[in-house]
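The figures that follow rest on heavy atoms only: side chains count, while hydrogens, waters and symmetry mates do not.
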Amino acid sequence: MSSIDSISCLTIALSFWLIQALVSIFAGRKCSNKLSSAFFLFPSLLLCLSAISGWNKDLLVSAPRFFQFGQEVLTMHLDKLSAVYLLLLGLVSTALSFFSPVYMKHLSDRVNSGHFWSALALFMIAMTMLLLSANAVAFLVFWELMSLSSLALVASEHKQRRVQQAGIIYLGATRIATAFLMAGFLAMHAFSHSWVFSDWGQSAFPIWPSFLILIGLCIKAGIWPFHIWLPYAHPAAPSPVSALMSGVMIKIALYAVIRILVSQNLASELLGHVALALGLVSSLWGVLFALVQQDLKKLLAYSSVENLGLILMAIGLAIVAKAQGLPEISLLALSAAILHSFNHGIFKSLLFLSAGAVDCTVHSRDMQQLGGLARKMPLTMAAFLTGAFAISALPPLGGFIGKWMLYQGLLRTAWESSSLAERALGLTSVGTLALVGALALASFAKAFGISFLGNARSKAVAEHASETANGMIFAQIFLSLCALVSGLFAAPAAMQAASVASRALQFNTRTPALAVISLLDQTLYALLLFALIYGVYLAASKRKTYITWECGFGSLSPRCQSSPISFAQPMARIFSLILRFKLLVEITGKDRRNFPEHIKVEPQMVSLLESRVYLPTISWIQNLSRAFAKLQAGSIHLYLLYVCATLVILVLVGTRL
Amino acid sequence: MNLDLIELVSIAAALSAILMAGSTHLSMNIALYSLQTFLLSLATYSLAGLRAESHFIWVALAIVVLKALGIPLFLHWIMVKIGVNSDPGTTLAPPLAMHCCVLLMGLSYFLAQSLPSSSLEGHSWANATAAISLLLSGLILMLTRRIALSQIIGFLVIENGIYLFALTQTSGMPLVVEMGVLLDVLVGVMISGLLVFRIQRSFEHIDVTQLTELRD
């Protein structure tokens, strides 16, 4: 295909979404979900097409003068790096257009479908343009559009108090993120006199603007300690929105780290170390909190914190390695970051969609209520299992390759680096990464086992659960296949990612094919073979049926199964330093020592960061504003006095200067 | 110290504002405002000759018709309608407020001294003093009065001060802008006049010291 094709594809897709945004908002509640989703599907497919056809191109397009922001011409840049993320966006939105109509029908009495589709279309426009924008002004404009449209989507069910709270928290996070980003961009402009990203690499800079930009992007990406908004926003948002936000939006923030900081050479070694450390902490923190969650979507949200931490860690490693003159490790790490972004986008969307499908049929996401869904919803179960396998980085699926390459990078740092401190850091990171991997496996074993296996824990599940509508199933199968394909073709994907990474890192010579990847193929096949043999062995082994001893307490009920809390408890106790996990046990009855009548067990978990840092800060700000509110006494004369005083001061200052 | 006609007129206008700060009779204040505005229109008219700008004549005419006659008559009508004709003042008693204004006129003199000088016709320290003094006297009037009608008059005095400053210290505004400002003031006064009327009807008084409930 010629180069003009992918641009015209994009233009058509964007104009489709623009029309949809305008039309649906006027249609309001009368907006038909099926029609909207058909209208949504077409540009999504075009997005995939443009990403594929623009793969080997490097297109720089200036929009017509009509679209000028201030005095800056809107320049768009489509290269391999943005094409990877465009493809991810296209695939996820394709799945969404099958998933959403059914899901929206389930929400029809609570959510205004016209507003939903309008905000979704705007969200898509913002993300597409954000991936393409090559100058800071356009970037900020679409960044804001992305933040606000996603806020509108998070607050879809805005009549619920929980959703309002989540919306406020998310709004606050986006405001602070934009403030940091804007400060960083303004500083960059002050030093380089240009808004175009590619000019920023030319001149020397002090170090602090890059940190401002990093912080702004990290807040949006949900990196520790700025991840607070994620576990609130995701359970509040409709599932397709969570899928899009967790799958693509937060990755776009890290894409911007690569695009602005790494590929323009703005990242110093210190920044790399900070990124590495933040990534390390947030991966451990995220997975520990994911382990103890009861809400399925909260668990997925914390797991996003973990995975984004891994990606940031890989980016940090790439920066550090490049600064120390270890180009191969740097290349390896950045390819790992890009690959894991793509794969995580696919399977995290898949998991959110499956959680949405469960929520849709059972009307609960609390794992305490679920259980036994495997028999009722076999296809959803299969999709969730695929996603859980992938996110736990089990080999035949997409999640494996990124983590594998990150391990390689860290181990080689430990091996090849000249300084002892770097070696120690590499080894520590490998150790932490292994711990994180194991805990992730545990938390998804919990998510899958508690929700899908065993017997139903509540009446709603036992009676009403059944397989969801075709659209939802299709979306999940589509994404499962994507995860499978990207896992099976991991080696060529890794080669492509390496070529993207080498451009982003500005390595001129084509680095020889990474030795890791040929090794990878063999490992993959060996593991597949192993899995096959194990499966055959399992199928051949005899099955015994017997009755469990009920300890003399009377007949067994579904409540005797292990609960989400009991599953996580041993690990939660080990990490009680961070988790502050406690079980409050209350025993009542006449002879409560030997024959208790009621036993009430309630888990209590306090998030250190929230209780010790954020809440005190917020209450401090509130007190301060209360003190300031006293200025507003309501008296007109007092207000006039303020005006008078301000005027006199201004005149005095103005005449003295 | 020789003052030319424009300076004389604008200083007289500033003095009338100081007298307003000392008077408790609303009808007196409205009359003084009318006089003050008339003086300003006179200044505008004589500047038209000096600067050879013919559109100042039209501005002067509009000021006489709208601000020196129209607005005072409207305010007087409101005053009669409400049935309030004196304003006792709040924390600062009117005589004290008047002395305050005199002091502020001194301050205005010092402020006017530090303004950059220019060879523009009518650009003199006396005119700048008068303009700043008008502005500050208007503020004092708004600050020290109890009846909402006085706040409107104070606002009009401030507006006169700004107008005088713009007229004498800059090379004048285009006719369109001048007319736009005039219209804004007219509409502003109309609306606030009607609001005063409504306040009177709803609360049975127009004492702004008691209107403190609505603040969040």
Rounded to the nearest 0.5 Å, what's the gap from CG on A/Leu640 to CD1 on B/Ile158? Could you check?
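If we round to the nearest 0.5 Å, A/Leu640:CG and B/Ile158:CD1 are 7.5 Å apart.
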Separation of A/Leu641 CG from B/Thr144 OG1 (nearest 0.5 Å)
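Answer for the OG1-CG pair, B/Thr144 versus A/Leu641, is 11.5 Å.
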Using heavy-atom distances under 4.5 Å, tell me whether B/Leu135 contacts chain A through its side chain, its backbone, both, or neither.
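Interface part for B/Leu135: side chain.
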Please state whether the side chain, the backbone, both or neither of B/Ile132 comes within less than 4.5 Å of a heavy atom of chain A.
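Answer is neither: B/Ile132 stays 4.5 Å or more from chain A.
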Identify the two heavy atoms, one from B/Leu143 and one from A/His637, that lie closest to each other, and give their separation to 0.1 Å.
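So the minimum-distance heavy-atom pair works out to O-CD2, 2.7 Å.
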Chain B contact via A/Leu638 - side chain, backbone, both or neither, heavy atoms under 4.5 Å:
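Contact with chain B: none, neither part.
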Crowded around [X] [atom1]? As in, over 12 foreign heavy atoms under 6.0 Å?
X	atom1	answer
A/Tyr614	OH	yes
B/Arg51	CZ	yes
A/Arg612	CZ	no
A/Phe180	CZ	no
B/Met28	CE	no

